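Every heavy atom of this structure was used, including side-chain atoms; hydrogens, water molecules and symmetry mates were not. The model shown is predicted, which means the values in this text are computed figures rather than measured ones.
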Amino acid sequence: MIKKLIYILILFIFIVNSAIAQTKNAYLNYNGYQYAFKAGDEKKFLTNAYVNMLLWEKTQTVEDKNFYLQEAMRYYFLLSKIDPKSIEAQIGLARIYDEYKLDKFAKEHFFMASNFDNLNPKTNFYFANFYYKRNDLITALMYYQKAYRYGFSKNYDLNYKIATVYEKLADIESAKKFYANALKIKPKNQELINKIRLLDELKYDESQYYLRINH
């Protein structure tokens, strides 16, 4: 009985000490500053990064855009350190390096995210965007198609981007298919309705349309 009580007491002390240890702060250095964090802060860092990315998308001035990108980068970096296998952190860092046209670092983080899960639709979508912006349409299409197959088939931006790639590659029928998919998601988008009507009416072989959209 005494041994059992001693065992329970030791177990209780271990649990209490573990709980106390989990509430203690640890520290990370970033850009010369020290940041405190504790277990469970992953969600907070991800939320802060996400909010700053939204603000970056919505703001108009170059100065504000740079500020929000830097804030997002800080939180994604901290997240990547406390959760080294965070796909979200790697995608976020890759997108930010992409915006700064630091291709080497962007690709490094995209590939890290892919190594964690190469079927992740979000990774594939943003990696495709990276190649699309650099006019590597074939590689972009490969990643867009993976994003489509593995979870983003109902995503408006993805369907629109795939359609745009096919249009640039002169595959008008495939372009119309994905523009139609996008229209199902946003049926009141008048610009898209006009785009599909234009392609329906186009005598493609006679129009040199491909030459116009790629210049």
Side-chain angles (χ1 to χ4, degrees), residues 50 53-60 65 68-69 72 87-88 90-103 105-215:
Y50 178 71
M53 290 300 283
L54 285 179
L55 292 170
W56 162 72
E57 290 174 350
K58 293 180 181 299
T59 194
Q60 298 298 318
K65 280 188 172 294
Y68 291 126
L69 271 187
I87 291 178
E88 291 290 340
Q90 298 304 325
I91 295 172
L93 290 170
R95 290 179 63 196
I96 293 168
Y97 283 124
D98 179 10
E99 286 302 315
Y100 285 126
K101 295 182 172 56
L102 297 171
D103 293 14
F105 296 110
K107 290 174 74 172
E108 177 182 323
H109 287 283
F110 275 130
F111 280 124
M112 287 180 68
S114 295
N115 286 339
F116 295 148
D117 179 6
N118 67 358
L119 303 183
N120 183 285
K122 191 172 182 180
T123 302
N124 284 296
F125 176 72
Y126 285 115
F127 208 177
N129 282 349
F130 172 89
Y131 285 107
Y132 180 87
K133 286 187 283 187
R134 288 153 182 82
N135 207 37
D136 186 347
L137 300 180
I138 300 300
T139 305
L141 183 59
M142 178 187 73
Y143 283 106
Y144 281 138
Q145 288 172 334
K146 285 182 71 174
Y148 184 89
R149 286 197 302 271
Y150 296 108
F152 271 19
S153 62
K154 304 300 182 183
N155 181 288
Y156 172 84
D157 291 333
L158 175 61
N159 279 282
Y160 192 91
K161 280 290 183 63
I162 293 177
T164 303
V165 171
Y166 276 125
E167 188 178 359
K168 287 177 177 291
L169 292 173
D171 187 345
I172 298 302
E173 291 306 313
S174 294
K176 286 162 59 176
K177 172 187 171 183
F178 284 95
Y179 280 133
N181 287 350
L183 188 61
K184 290 176 185 176
I185 300 167
K186 292 188 177 181
K188 296 182 180 180
N189 188 318
Q190 190 59 49
E191 182 180 349
L192 190 50
I193 292 170
N194 294 339
K195 164 72 77 173
I196 293 171
R197 183 182 296 121
L198 171 65
L199 294 180
D200 282 337
E201 295 172 353
L202 186 67
K203 292 182 179 179
Y204 186 76
D205 292 338
E206 302 171 11
S207 67
Q208 294 187 311
Y209 181 70
Y210 175 72
L211 296 178
R212 295 206 304 275
I213 66 170
N214 284 280
H215 289 82

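Side-chain atoms of Asp117 do not come within 3.5 Å of backbone N or O of Ala113 as any donor-acceptor pair. Between the side chain of Asn181 and the backbone N or O of Lys154, no donor-acceptor pair lies under 3.5 Å. A donor-acceptor pair is defined here as one N or O able to donate and one able to accept, closer than 3.5 Å; such a pair exists between the side chain of Asn159 and the backbone of Ser153.
Considering only heavy atoms from C-beta on, Asp103 comes within 4.5 Å of Arg134 through its side chain. Arg197 places none of its side-chain heavy atoms less than 4.5 Å from the side chain of Asp200. Between Ile162 and Tyr166 the shortest side-chain heavy-atom distance falls below 4.5 Å. Between Leu192 and Tyr160 there is a side-chain heavy-atom pair separated by less than 4.5 Å. Considering only heavy atoms from C-beta on, Leu169 comes within 4.5 Å of Leu141 through its side chain. Put simply, the side chain of Asn135 reaches to within 4.5 Å of the side chain of Leu137, judged on heavy atoms. In this structure, the side chains of Tyr132 and Thr164 come closer than 4.5 Å at one or more pairs of heavy atoms.
Annotation: Tyr148 is in aromatic contact with Phe178 [ring centroid separation under 6.0 Å]. You'll find the ring centres of Phe125 and Tyr143 outside the 6.0 Å limit.
Between atom CG of residue Leu69 and atom CG of residue Leu55 there is a gap of 11.0 Å, rounded to the nearest 0.5 Å. For the atom pair CD (Gln90) and CZ (Phe110), the distance works out to 11.0 Å, reported to the nearest 0.5 Å. Rounded to the nearest 0.5 Å, atoms OG1 (Thr123) and CZ (Arg95) are 11.5 Å apart. Note that CD of Glu167 and CG of Leu199 are 5.0 Å apart. Values are rounded to the nearest 0.5 Å. From Glu99, atom CD reaches atom CD1 of Ile96 across 9.0 Å, with rounding to the nearest 0.5 Å. Separating the CG atom in Leu183 from the CD atom in Glu191 is a distance of 12.0 Å, to the nearest 0.5 Å.
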If you apply the rule side chain to side chain donor-acceptor pair (under 3.5 Å), what do you find for Tyr126 with Asp98, and how did you get there? CA-CA 10 Å; Tyr126 285 115; Asp98 179 10; over 6 Å; no
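With sequence neighbours left out, the ring-ring contact (aromatic ring centres under 6.0 Å, His included) criterion links Phe111 to Phe127. Lys65 is linked by a salt bridge (Lys or Arg N to Asp or Glu O under 4.0 Å) to nothing, counting only residues two or more places apart in sequence or in another chain. In this structure, Glu108 has no salt bridge (Lys or Arg N to Asp or Glu O under 4.0 Å) partners at least two apart in sequence or on a different chain.
Between Pro121 and Ala147, the closest heavy-atom pair is O-CB, 3.5 Å.
Side-chain atoms of Asn129 and Tyr144 form a donor-acceptor pair, as typed in the model, at a separation below 3.5 Å.
Annotation: Lys177, atom NZ; neighbour count of heavy atoms from other residues, nucleotides and ligands within 6.0 Å does not exceed 12.
With a 6.0 Å cutoff to the six-membered ring centre and a 45° limit on the axis angle, Lys186 counts as a cation-pi contact of Tyr156.
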